[in-house]
Amino acid sequence: MEAAFAELPLALFTTLAPMGAGAFIVLALAFFTTTFTDDQVKKIDRMTLIPLVVVLVGFAASFFHLASPLHAAGVFAGIGSSPLSNEILVGSLFVVLALVYVILALAGKLSGGARKGLVAVVAVAAAVFACFTGMAYMMETIASWNSPLVVVQLLGFALLGGMPLGTLVLGLAGALPDALKGSFKTAGIVVAAAGAVLAIGGFCVQVMGVGGMENALVSGADLVADVTIYLAVAVASLVLAAAGTVAALLGKSPVAMAGFGAVMAVIGIFVARLVFYAVQLSVGLSF
């Protein structure tokens, strides 16, 4: 796992940014399924700063991965040909859209229709960003990462992590009880379940697949054996995140359970990302 901690900035980025982005998907779901009072909307808008800050902290962490943060602009030079540049472009567009949405919402400049339209755009951008984050790791030179399962798990992390965080936003705004009276509850459970399947399934299958790989210096089976305990911690935490989210959506101490789910999601996703980096296996010295 020592090699994984060398990627700590990226582990934080790929934990926090997709999770915060996923919360905007949940907010879109809430506004499309529930009619909130003006006072509730104002409180929701203020609480929306929470997922926005989570996203921004994630992006800030990614800069520490660069040899010199001043060279960050150079990443955009590969747009269209570099998966990493494409990820940063899509991520930047998502951040801009999220910022515009939050600023307009806080300023009271969004009517009902405009709010739904803009939050829907932000939600779509959030999902696309999560997918492009996974695609950035699909490279032929690293066999253990070159799989669509990486995209699947990142999208799953966004949904599974975003659901409790978005639910917490609604809970802290005092708007969750009304949301749970309608179809938001059912839709939320479906999203949480889908996120859990994509996250846990994509993560476990991708990591287990590394066990059948090897190169001239490293055995994939050895890499997987070294991270087995961490893999178990990640899966257990993700399962608890899903359980906490479902409990919140069923109205069982909703704010506390949403908070619990969000904390478990952060732990589970972060450990999963460390495992991902720990099982990196290059094809450069393959047999």
Side-chain angles (χ1 to χ4, degrees), residues 16-58 94-127 129 158-192 195 241-266:
L16 298 177
M19 182 173 172
F24 282 90
I25 297 176
V26 179
L27 292 175
L29 190 64
F31 281 115
F32 273 91
T33 59
T34 310
T35 300
F36 298 108
T37 65
D38 290 342
D39 184 57
Q40 287 175 328
V41 170
K42 291 179 181 179
K43 291 179 179 178
I44 291 172
D45 289 338
R46 288 196 291 270
M47 290 299 110
T48 301
L49 288 170
I50 295 174
L52 179 62
V53 169
V54 170
V55 170
L56 295 177
V57 170
F94 162 70
V95 170
V96 170
L97 288 170
L99 281 170
V100 169
Y101 169 76
V102 172
I103 291 172
L104 291 178
L106 290 174
K109 301 297 183 180
L110 292 176
S111 62
R115 175 182 294 276
K116 286 184 177 181
L118 185 53
V119 77
V121 171
V122 175
V124 171
F129 163 55
L159 297 177
L160 180 57
M163 195 67 226
L165 184 58
T167 302
L168 181 61
V169 167
L170 296 174
L172 293 175
L176 187 56
D178 284 346
L180 295 181
K181 292 177 183 178
S183 57
F184 174 78
K185 176 170 66 176
T186 300
I189 292 175
V190 170
V191 170
T245 303
V246 171
L249 293 171
L250 292 177
K252 299 178 180 179
S253 301
V255 175
M257 293 310 298
F260 171 77
V263 171
M264 287 297 101
V266 170

Write out all pairs satisfying side-chain hydrogen bond (donor to acceptor under 3.5 Å, both in side chains) with one or both partners inside residues 169-191, taking only residues at least two apart or from two chains. Gln40-Asp178, Asp178-Lys181

Taking only residues at least two apart or on different chains, which pairs with a member in residues 163-176 satisfy side-chain hydrogen bond (donor to acceptor under 3.5 Å, both in side chains)? none

Residue pair [X] / [Y]: nearest heavy atoms and the distance that separates them:
X      : Y      : result
Thr48  : Val169 : N-CG1, 4.1 Å
Met163 : Gly188 : CE-CA, 3.5 Å
Leu160 : Ala192 : CD1-O, 3.9 Å
Gly174 : Pro177 : O-CD, 3.9 Å
Pro164 : Ala262 : CB-N, 3.5 Å

If we only count heavy atoms from C-beta on, is the Leu49 to Leu106 side-chain gap below 4.5 Å? yes

Would a 4.5 Å heavy-atom cut-off, applied to side chains only, mark Ile50 and Leu172 as touching? yes

Taking only distance into account, with no hydrogens and no angle test, what donor-acceptor pairs under 3.5 Å do side-chain atoms of residues 19-33 form with protein atoms, sequence neighbours excluded?
unit_1 : atom_1 : unit_2 : atom_2 : d
Thr33  : OG1    : Leu29  : O      : 2.8
Thr33  : OG1    : Ala30  : O      : 3.4

I need the full list of salt bridge (charged side-chain N to carboxylate O under 4.0 Å, His left out) pairs touching residues 101-123, with sequence neighbours left out, sorted by first then second residue. Asp45-Arg115

For residues 26-43, the salt bridge (charged side-chain N to carboxylate O under 4.0 Å, His left out) pairs (sequence neighbours left out) are Asp39-Lys43

Who pairs with Val53 by side-chain contact (heavy atoms from CB on, under 4.5 Å), at least two apart in sequence or on another chain? Val57

Using residues 245-256 as the side-chain source, report each donor-acceptor pair under 3.5 Å to any protein atom, sequence neighbours left out, with the distance given to one decimal.
unit_1 : atom_1 : unit_2 : atom_2 : d
Thr245 : OG1    : Ala241 : O      : 2.8

Who passes ring-ring contact (aromatic ring centres under 6.0 Å, His included) against Phe129, sequence neighbours left out? Phe59, Phe94

